[in-house]
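Scroll down for the structure; my scribbles are underneath it.
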Protein chains: 2
Amino acid sequence: MSTGDRPRRPTVSHVAAEAGVSRGTVSRYLNGGHWVSPEAEAAVAAAIRKTGYRINPHARSLATQRTNSVAFLLTETFERLFEDPNFARLMRATSAALAERDVSLVFILAGSPAERRRARDFITQGHVDGVLLVSSHQGEPGLIEEIHRAGVPIIACGVPLGFERKLGWVAADDEAGAREMTAYLRSLGRSRIATIAGPRDTSGGVQRLVGFRSELGDDFDADLVEHGDYSEASGRAAMSALLDRDPTIDAVFAANDLMAAGALAVLAERGISVPERIAVGGFDDAAVATETRPALTTMRQPFDRISQEMVRLLLQVIGGEKPAAITLPTELVVRDSA
Amino acid sequence: MSTGDRPRRPTVSHVAAEAGVSRGTVSRYLNGGHWVSPEAEAAVAAAIRKTGYRINPHARSLATQRTNSVAFLLTETFERLFEDPNFARLMRATSAALAERDVSLVFILAGSPAERRRARDFITQGHVDGVLLVSSHQGEPGLIEEIHRAGVPIIACGVPLGFERKLGWVAADDEAGAREMTAYLRSLGRSRIATIAGPRDTSGGVQRLVGFRSELGDDFDADLVEHGDYSEASGRAAMSALLDRDPTIDAVFAANDLMAAGALAVLAERGISVPERIAVGGFDDAAVATETRPALTTMRQPFDRISQEMVRLLLQVIGGEKPAAITLPTELVVRDSA
DNA sequence: CTGAAAGCGCTTACAG
DNA sequence: CTGAAAGCGCTTACAG
């Protein structure tokens with residue numbers, strides 16, 4: 001493998017010389033081909049092919065003050081990333097949406113303080129044009145604040161608590177979704193409906209609880225609320241606690257599918273039939289929703305659309321527009337658990 | 001959110017003016033502080049603090065012809081990434097090793113032809129100084145070839161079939177590990193030992209089979225070999241096939257833990273006791289090895305060390321050294337399945 | 001130890 | 001439509 005003797009790469013100058021035009025013309029060709037004659041175009045194209053020219057992204061970024069790449073910032077740990085399938089779905093959809101517009105994605109995982117410091121440095125240094133902020137938790141107001149202050153556009157996935165007005169964001173309509181699920185549970189004739197709520201430092205966590213509560217109105221019973229952290233284990237723990245506390249429960253709304261799966265497991269262990277004795281509803285429509293027994297009735301989050309809108313918004317803001325906030329509807333998916 | 005009016009960032013010139021020194025001195029300070037007097041150092045440090053100066057990585061890269069970042073190239077799909085825990089372990093360990101040396105990691109997933117094309121462009125364009133190639137499969141000789149030809153240093157994880165002599169690499173000693181596991185199974189008194197081998201386009205897959213076979217010598221029976229693709233499902237399928245074909249089997253060596261877990265599941269379903277009637281050995285010592293019932297006896301791959309060595313090697317090659325090939329030993333971990 | 005100057009490889013008004 | 005020239009923000013011999 002040769003390294004030290006890596007041959008010098010061709011530059012626009014080489015291409016220009018080869019094509020018999022100026023560097024400016026080559027550059028124009030490279031940037032859309034406007035204002036370059038058919039002849040020049042052909043000559044440059046041929047010269048590029050012949051020389052094997054590849055653009056130097058650093059030189060270009062230095063000149064344009066643009067990097068043509070954005071960060072996908074996940075303030076979570078490796079464990080959480082591989083545990084919660086929603087992250088993967090967002091990553092893949094975002095990645096696709098970005099590829100379509102030819103901007104590259106830099107994936108940054110910042111679960112520890114040290115990683116967050118590095119992430120901040122990387123981002124505020126100008127490595128990317130903007131950031132897609134994806135995290136379930138409120139996370140690090142400090143990090144967000146610093147990135148924001150450095151003038152780097154941010155679009156959040158979900159309502160960014162504390163930054164609702166400062167950042168652009170796109171979120172599912174958590175409150176409406178929770179109301180709809182709760183109403184559906186009631187329509188089944190259930191009257192003792194419990195909920196396994198999400199984390200309180202998450203807008204999804206609080207809004208789904210708000211929706212649940214407001215739909216129930218006077219029937220709301222604070223004793224029928226347990227909080228989880230969106231993990232399956234927390235769903236099991238919450239379901240157990242709920243059952244021990246009140247044996248009359250006839251339905252449960254879990255704030256995400258992973259916790260619902262945990263609840264289902266506990267119910268199965270205790271020999272409580274679902275949906276006969278207790279109906280269970282989840283949120284997300286994650287892959288696990290079709291794998292549980294019985295399959296999970298849930299509220300589908302439009303992850304693909306969320307990702308597309310995030311990308312569109314971010315690119316808009318990078319382009320100089322003011323950031324917008326977008327709320328997308330969820331959809332009830334009825335399966336067997338309720 | 002302000003964007004269009006992003007204030008101009010301070011540059012070395014501003015810092016130099018503020019500190020009352022030349023830009024060269026500021027640059028020297030930024031690059032290790034050699035040949036700068038204590039007074040100048042203090043002045044520059046103060047000026048940086050005061051101006052809030054952040055280095056412009058593109059300008060630096062353009063000048064140095066270095067990016068100070070490397071790619072973690074995974075030629076797999078999203079599904080595989082989230083399915084096979086080995087990737088996550090390598091990512092996290094690599095990421096840590098790189099952070100220690102202050103070089104950033106760009107994670108690239110290239111599972112489809114289109115993604116591979118983009119990956120190639122990105123890499124050969126000069127976005128990174130080198131690449132850590134991580135993939136179970138032989139993958140894309142074309143991609144590797146092009147990156148290699150562009151002069152970008154590559155270190156592979158596992159022996160890169162077809163490029164053993166051209167690229168640097170670090171791999172676990174698959175053959176020796178497989179021999180050791182097989183020998184261990186025999187030491188338990190087992191004589192009808194089957195194997196669920198890995199994919200044939202993987203050096204790990206072939207070498208583990210080679211080790212298994214050579215340890216068995218004349219006792220090797222081609223009927224007791226089934227191939228899987230490292231997924232749990234393939235482990236189940238292989239175990240079923242093996243059992244249907246030969247009921248005298250008293251031990252199984254699976255080429256990775258995921259397939260071993262699949263085998264264990266089938267054995268449990270058929271009511272075959274492990275390890276009493278059939279002993280099962282895996283490979284990797286993945287997290288799943290401690291979660292199966294019974295817990296899995298396996299060969300531990302030194303993922304942390306592999307990652308560290310990959311990073312060390314790559315940085316060496318980037319620094320101009322010739323690439324080396326490193327083979328690391330595996331370790332037998334005895335649990336309950338054998 | 002330090003400064004002046006050239007150079008890294010692009011892009012972009014500007015004048016034509 | 002095209003070229004000459006300045007500029008993006010660093011680093012690095014070189015001379016002192």
Side-chain angles (χ1 to χ4, degrees), chain A residues 6-45 47-48 51-69 121 124-129 150-151, chain B residues 6-45 47-48 51-69 121 124-129 150-151:
Chain A
R6 206 186 293 187
R8 208 160 206 62
R9 283 169 54 176
T11 71
V12 278
S13 298
H14 297 125
V15 175
E18 181 68 37
V21 300
S22 73
R23 306 188 302 156
T25 297
V26 173
S27 181
R28 269 173 234 119
Y29 169 89
L30 257 16
N31 293 284
H34 301 305
W35 291 313
V36 5
S37 64
E39 302 79 56
E41 187 178 324
V44 173
I48 287 178
T51 56
Y53 173 77
R54 324 244 33 213
I55 206 166
N56 178 321
H58 301 109
R60 167 178 273 184
S61 288
L62 180 57
T64 60
Q65 309 281 55
R66 276 293 180 74
T67 68
N68 209 31
S69 70
D121 288 348
T124 58
Q125 237 173 148
H127 274 285
V128 294
D129 297 330
Chain B
R6 206 185 292 190
R8 210 162 204 60
R9 284 170 52 175
T11 70
V12 280
S13 297
H14 298 124
V15 175
E18 181 68 34
V21 300
S22 73
R23 305 188 303 157
T25 298
V26 173
S27 181
R28 271 173 233 120
Y29 170 89
L30 257 16
N31 292 284
H34 301 306
W35 290 311
V36 8
S37 64
E39 302 79 58
E41 186 177 325
V44 173
I48 287 177
T51 57
Y53 172 76
R54 324 243 35 211
I55 206 167
N56 178 320
H58 301 109
R60 169 178 271 185
S61 289
L62 180 56
T64 60
Q65 309 281 55
R66 276 294 180 70
T67 68
N68 211 32
S69 71
D121 288 346
T124 59
Q125 236 174 148
H127 275 286
V128 294
D129 296 332

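Chain letters run A, B, ... following the sequence lines, proteins first, then strands; residues in each count from 1.
- Summarising the geometry, the separation between CD on A/E39 and C1' on D/dG3 is reported as 16 Å, rounded to the nearest angstrom.
- Listed by first then second residue, pairs satisfying salt bridge (charged side-chain N to carboxylate O under 4.0 Å, His left out) with a partner in residues 28-45 of chain A number zero, not counting sequence neighbours.
- Among the nucleotides C/dC10, C/dC8, C/dT2, the one closest to any side-chain atom of B/A63 is C/dC8.
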Candidate pair A/L30 and A/I48, rule side chain to side chain contact (heavy atoms under 4.5 Å, CB included), full reasoning = CA-CA 10 Å; A/L30 257 16; A/I48 287 178; 3.8 Å; yes

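- Rounded to an integer number of Å, the gap from A/R9 CZ to C/dG7 P is 20 Å.
- Every residue was checked against the side-chain hydrogen bond (donor to acceptor under 3.5 Å, both in side chains) condition with A/R66, not counting sequence neighbours, and none meets it.
- Here C/dT11 presents its P atom at 12 Å from CG of A/N68, a figure rounded to the nearest Å.
- The two residues B/Y53 and B/P10 come nearest to each other via the heavy atoms CD1-O, 3.3 Å.
- Listed by chain and number, the residues in a side-chain hydrogen bond (donor to acceptor under 3.5 Å, both in side chains) with B/R23 amount to none (sequence neighbours excluded).
- Checking side-chain atoms of A/Q125 against main-chain N and O of A/D121 turns up a donor-acceptor pair under 3.5 Å.
- Taking a pair as Watson-Crick or G-U wobble with both distances under 3.5 Å, the runs of three or more consecutive pairs in DNA chain C are C:1-3 with D:14-16, C:5-12 with D:5-12, C:14-16 with D:1-3.
- The side chain of B/W35 sits closest to C/dT2 out of C/dG9, C/dT11, C/dT2.
- Under the 3.5 Å distance criterion, the side-chain polar atoms of A/R9 are matched with a main-chain donor or acceptor of A/I55.
- Residue B/S37 places at least one side-chain N or O under 4.0 Å from the OP1 or OP2 atom of C/dT2.
- In this view, B/T67 and A/H58, B/S61, B/S69, B/D129 satisfy the side chain to side chain contact (heavy atoms under 4.5 Å, CB included) rule, not counting sequence neighbours.
- Spacing between atom CG of A/N31 and atom C1' of D/dT2 amounts to 15 Å, rounded to whole angstrom units.
- Straight-line distance from the NE2 atom of A/H58 to the P atom of C/dG9: 13 Å, rounded to whole Å.
- Remark: C1' of C/dC10 and CD1 of A/I48 are 13 Å apart, rounded to the nearest angstrom.
- A 4.5 Å side-chain heavy-atom check between B/V44 and B/V36 finds every atom pair outside the cut-off.
- Put simply, B/Q65 has a side-chain N or O that comes within less than 4.0 Å of OP1 or OP2 on C/dG9.
- Side-chain N/O atoms of A/N56 include none lying less than 4.0 angstrom from OP1 or OP2 on C/dC8.
- Distance B/H34 NE2 to D/dT11 P: 14 Å, rounded to the nearest Å.
- Contact check of residues 21-30 of chain B against DNA chain D (heavy atom, cut-off under 4.0 Å) returns B/R23, B/G24, B/S27, B/R28.
- Atoms CZ (A/R66) and C1' (C/dC10) sit 16 Å apart, rounded to a whole Å.
- For A/V36, whose side chain is taken as the heavy atoms from C-beta onward, the closest listed nucleotide among D/dT2, C/dC10, D/dT11 is D/dT2.
- Comparing the C1' positions of C/dT12 and C/dG16 gives an interatomic distance of 16 Å, to the nearest angstrom.
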Starting from the C-alpha separation in whole Å, work towards a yes-or-no answer on side chain to side chain contact (heavy atoms under 4.5 Å, CB included) for A/N56 and B/L62.
-> CA-CA 8 Å; A/N56 178 321; B/L62 180 56; 4.2 Å; yes

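- Checking D/dG9, D/dC8, D/dT11 against every side-chain atom of B/L62, the shortest atom distance belongs to D/dG9.
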